[in-house]
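Everything on this sheet refers to the single structure shown next.
Sequence positions, counted from 1, serve as the residue numbers for this chain. Being a predicted model, the structure only gives us computed values, none of them experimental.
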Amino acid sequence: MDVDYKKLWIRLIDRGIKNKTELIPLAGISTNILAKLSKGEFISMESLKKICIALDCDIGDIVSFRENK
C-alpha cells in the first residue's frame, strides 16, 4: 500500500495556508518531514501526531492509503 497525503494538502488550503512550508513552524516538523510528505513517503507517527495537533484533526483527516499500482 502507498500513503496519500492529499487530504492534508486540502486541509491546509481550507485553513488558508497556501504554502506547504508554513506547516513547518506550525506543527514543529522539519524540512525533511515536509519533503517526505511532498513525495508521498511514510513518516513517523510522532510527526503525524504533531501535524494533527497543529491542525486540530485526526490522522484519518490528513492521510489515507491506496493500493500499489
Exercise. Should Ile13 and Ile17 be counted in the same cluster of Ile, Leu, Val, Met, Phe, Trp and Tyr side chains packed under 4.5 Å apart?
Worked result: no
Can you give the donor-acceptor pairs under 3.5 Å from side chains of residues 46-55 to other protein atoms, not counting sequence neighbours?
from  : atom 1 : to    : atom 2 : distance (Å)
Ser47 : OG     : Ser44 : OG     : 3.1
Lys50 : NZ     : Gly28 : O      : 3.4

For this session: Kindly state each residue pair satisfying side chain to side chain donor-acceptor pair (under 3.5 Å) with at least one member in residues 5-19, sequence neighbours excluded.
Result: Asn19-Thr21
Exercise. Do Val63 and Phe42 sit in the same hydrophobic cluster, where Ile, Leu, Val, Met, Phe, Trp and Tyr count as joined when their side-chain heavy atoms come under 4.5 Å apart?
Worked result: yes
Problem set entry | Short side-chain to backbone donor-acceptor contact, Asn68 and Asp2, under 3.5 Å | yes
Problem set entry | Qualifying residues under side chain to side chain contact (heavy atoms under 4.5 Å, CB included), relative to Thr31, sequence neighbours excluded | Ile24
Exercise. So does Met1 have more than 12 non-hydrogen atoms from other groups sitting under 6.0 Å from CE?
Worked result: yes
For this session: Would you check, one step at a time, whether the test side-chain contact (heavy atoms from CB on, under 4.5 Å) holds for Phe65 with Val3?
Result: CA-CA 5 Å; Phe65 296 97; Val3 66; 4.2 Å; yes
Exercise. Can you name the salt bridge (Lys or Arg N to Asp or Glu O under 4.0 Å) partners of Asp4, sequence neighbours left out?
Worked result: Arg66
Exercise. Atom CG of Leu8 and atom CD1 of Ile59: how far apart are they, to the nearest 0.5 Å?
Worked result: 11.0 Å
Problem set entry | Distance, nearest 0.5 Å, that separates CG of Leu34 from CG of Leu23 | 6.5 Å
For this session: Using a 4.5 Å cut-off on heavy atoms from C-beta on, say whether the side chain of Leu37 contacts that of Ile29.
Result: yes
